[in-house]
Undergrad: 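Submitted below is the structure of interest, expressed as structure tokens.
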Amino acid sequence: MYEHQESPVLEQGAPSVGVPKGRRRGIVYIIPNRCKECMYCIEFCPQSVLEKSENINYKGFHYPRVKPGKEDSCTACKMCELLCPDFAIFIKEVE
Ligand code: SF4
Ligand code: SF4
């Protein structure tokens with residue numbers, strides 16, 4: 001199903017309270033309609049947090065999502081954010 005061009009930012013992978021303190025954690029945010037499915041974020045995530053969503057954006061591209069079960073795995077390294085050519089993914093570091 002096609003989404004409106006001004007799709008909302010999707011918040012994904014909110015870490016649970018069970019993650020040990022002192023470990024950097026991140027919440028992944030995706031802006032689906034900016035994505036062009038280049039896969040950089042998925043391929044270069046050191047923690048293998050991301051995968052292709054089954055859903056497509058308005059351009060027909062599969063945007064990334066956090067893999068089920070990997071919600072606590074993002075270390076907020078921001079590699080995905082740095083590599084994305086279209087500013088379609090960003091990370092918020094949490095305590
Ligand atoms: S910030 Fe790092 S660990 Fe988190 S999803 Fe992006 S590349 Fe993966
Ligand atoms: S790096 Fe950006 S454009 Fe490429 S798949 Fe990831 S979110 Fe989409």
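Counting starts at 1 for both ligands and their atoms, following the listed order. Side-chain atoms are counted along with the backbone in the values below, which use heavy atoms only and exclude waters and symmetry mates. Along the sequence shown, the residues carry numbers beginning at 1. Because the structure is a prediction, the values reported are computed rather than measured.
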Undergrad: Hey, is Lys78 touching ligand 1 through its side chain, its backbone, both or neither, going by heavy atoms under 4.0 Å?
TA: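 The part of Lys78 near ligand 1 is the backbone, not the side chain.
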
Undergrad: Examine distances only and state if a side-chain atom of Asn57 and a backbone atom of Pro32 form a donor-acceptor pair shorter than 3.5 Å.
TA: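 At least one qualifying donor-acceptor pair exists.
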
Undergrad: Is the side chain of Arg25 donor-acceptor paired with the backbone N or O of Thr75 at a distance under 3.5 Å, no angle test?
TA: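 No, because the side chain of Arg25 does not come within donor-acceptor range (under 3.5 Å) of the backbone of Thr75.
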
Undergrad: As an exercise, state the distance from CZ of Phe61 to NZ of Lys52, rounded to the nearest 0.5 Å.
TA: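 The CZ atom of Phe61 sits 10.5 Å away from the NZ atom of Lys52.
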
Undergrad: Students should be able to answer this: which protein heavy-atom is nearest to atom 6 (Fe) of ligand 2, and at what distance?
TA: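 Sorting protein heavy atoms by distance from atom 6 (Fe) of ligand 2 puts Cys41 SG, 2.3 Å first.
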
Undergrad: Going through the checks in order, is the salt bridge (charged side-chain N to carboxylate O under 4.0 Å, His left out) test met by Asp86 and Lys36?
TA: CA-CA 8 Å; Asp86 294 277; Lys36 62 185 177 194; 3.3 Å; yes

Undergrad: Regarding atom 5 (S) of ligand 1: of the candidates Gly26, Pro46, Cys74, which has the closest heavy atom?
TA: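 Among Gly26, Pro46, Cys74, the closest heavy atom to atom 5 (S) of ligand 1 comes from Cys74.
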
Undergrad: With no hydrogens and no angle check, is any side-chain donor or acceptor of Glu81 less than 3.5 Å from a backbone partner on Ile91?
TA: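 Such a contact is found between Glu81 side chain and Ile91 backbone.
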
Undergrad: Provide, to 0.1 Å, the distance between atom 2 (Fe) of ligand 1 and the closest protein heavy atom, together with that atom's residue and name.
TA: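 So the nearest neighbour among protein heavy atoms is Cys77 SG, 2.3 Å.
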
Undergrad: Against heavy atoms of Gln47, which atoms of ligand 1 measure under 4.0 Å?
TA: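 By the 4.0 Å cutoff, the relevant atoms are 3 (S).
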
Undergrad: State whether Cys45 contributes an N/O/S atom found under 2.8 Å from atom 4 (Fe) of ligand 1.
TA: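 No - counting backbone and side chain alike, Cys45 has no N, O or S atom under 2.8 Å.
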
Undergrad: Using only atom types and a distance under 3.5 Å, with no angle test, would you say the side chain of Lys78 pairs donor to acceptor with the backbone of Phe90?
TA: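 No.
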
Undergrad: Just heavy atoms, cut-off under 4.0 Å: does Met39 contact ligand 2 by side chain, backbone, both, or neither?
TA: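 It is the backbone that touches ligand 2; the side chain stays farther off.
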
Undergrad: Identify the closest protein heavy atom to atom 4 (Fe) of ligand 2: which residue and atom is it, and at what distance?
TA: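 Its nearest protein heavy-atom neighbour is Cys38 SG, 2.3 Å.
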
Undergrad: Any atoms of ligand 1 less than 4.0 Å from a non-hydrogen atom of Cys80? List them with their elements.
TA: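 So the answer, numbered in order with elements, is 1 (S), 5 (S), 6 (Fe), 7 (S).
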
Undergrad: To the closest 0.5 Å, what do you measure between SG (Cys74) and CD1 (Ile27)?
TA: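 Reported to 0.5 Å precision, the distance equals 9.0 Å.
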
Undergrad: Can Ile30 and Val9 be said to form a side chain to side chain contact (heavy atoms under 4.5 Å, CB included), step by step?
TA: CA-CA 6 Å; Ile30 313 280; Val9 178; over 6 Å; no

Undergrad: Under a 3.5 Å distance rule, please check whether Lys67 uses its side chain to pair with a backbone N or O of Ser48 as donor and acceptor.
TA: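 Yes, Lys67 side chain to Ser48 backbone: donor-acceptor pair under 3.5 Å.
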
Undergrad: Under a 4.0 Å heavy-atom limit, does Thr75 contact ligand 1 with its side chain, its backbone, both, or neither?
TA: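 Within the 4.0 Å criterion, Thr75 contacts ligand 1 through backbone and side-chain atoms alike.
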
Undergrad: Show the atoms of ligand 2 that are less than 4.0 angstrom away from any heavy atom in Cys84.
TA: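 Listed by number with element, the hits are 1 (S), 2 (Fe), 3 (S), 7 (S).
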
Undergrad: Among all protein heavy atoms in this structure, tell me which lies nearest to atom 3 (S) of ligand 2, with the distance rounded to 0.1 Å.
TA: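 Among all protein heavy atoms, the one nearest atom 3 (S) of ligand 2 is Lys36 N, 3.4 Å.
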
Undergrad: What part of Cys35, side chain, backbone, both or neither, has a heavy atom within less than 4.0 angstrom of ligand 2?
TA: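 Both backbone and side chain of Cys35 come within 4.0 Å of ligand 2.
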
Undergrad: Distance under 4.0 Å to a non-hydrogen atom of Ala88: what atoms of ligand 2 satisfy this?
TA: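 Once the distances to Ala88 are compared, the set is 7 (S).
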
